[in-house]
Amino acid sequence: DEALKKGGTRRRKKDGIDLEQMADAEIEDMRRRMTDAAKWDNEGRDRGLPAMHKLKLLPEVVALLNKNTLKESLVDPDINLLQAVRFFLEPLNDGSLPAYNIQRELFTALGKLPITKDSLVASGIGKVIMFYTKSKRPEQVIKRQAERLFNDWTRPILKQNDDYRK
Amino acid sequence: RPGMSGLPGLSGLQAAGLDEAAEEDFRAAFGDGTEYDWAIDLQM
């Protein structure tokens, strides 16, 4: 309900330009660039090259994820930026984890986003969080972050079902 | 429940007395906990 209320107020017009559409286009562009970077890193790893594409893009990704005014679009299941975040956090084809900076920065940014059940289902990002809680490879600080996200993200599911039954 | 053994959070949900709808939502959101087992196997 809260998301719907906010959704009605975030659409603004200025000089005939729809700011929300511009923001959505920016997020969609980033989703595409992130998806490409993740693909190129995987292809490079197969050829023994260092995975640099995601790291190079990371500052821009973090800057976008931290934009408070875009929070609802950032978790919008239709735009599905979170799927690209999932691609960044996924293990590479050889089972190795992405760079520590990628893990740390993205887990921190994810903790500030208003994740919903729909955004979890569309993106599959909950699945990669489960992986981080399960794998022995991540640093302890990352595993703790993953466990915290898992606990936070189960709440909307439990709450929704609780509300539904009332 | 077949296919759910890899799901660490499910036992908590069941312990909390949640219904099948909650379990379905949980699985849709978090998978069955085995999606990345291929990577964990490679990490061994």
*Measure A:Asn151 against the heavy atoms of chain B and call it side chain, backbone, both or neither at under 4.5 Å.*
neither
*Validation row: A:Ile142, A:Tyr100 side chains within 4.5 angstrom (heavy atoms)*: yes
_A:Thr108 side chain to A:Gln145 side chain, donor-acceptor N/O pair below 3.5 angstrom_ = yes
*What part of A:Asp118 gets closer than 4.5 Å to chain B, counting heavy atoms only: side chain, backbone, both or neither?*
neither
*Could you tell me which portion of B:Asp37 (side chain, backbone, both or neither) has an atom closer than 4.5 angstrom to a non-hydrogen atom of chain A?*
side chain
*asked:* Show the nearest heavy-atom pair for residues A:Asn93 and B:Leu42, with the distance to one decimal.
replied: O-CD1, 3.4 Å
*asked:* Given heavy-atom pairs under 4.5 angstrom as the criterion, report whether the side chain, backbone, both or neither of A:Ile125 touches chain B.
replied: neither
*Check whether B:Gln43 gets within reach of chain A through its side chain, its backbone, both or neither, counting any heavy atom under 4.5 Å.*
both
*Beyond-backbone contact of A:Leu149 with A:Tyr132, side-chain heavy atoms, under 4.5 angstrom*: no
*Under a 4.0 Å N-O cut-off, is there an ion pair linking B:Asp32 with B:Arg27?*
no
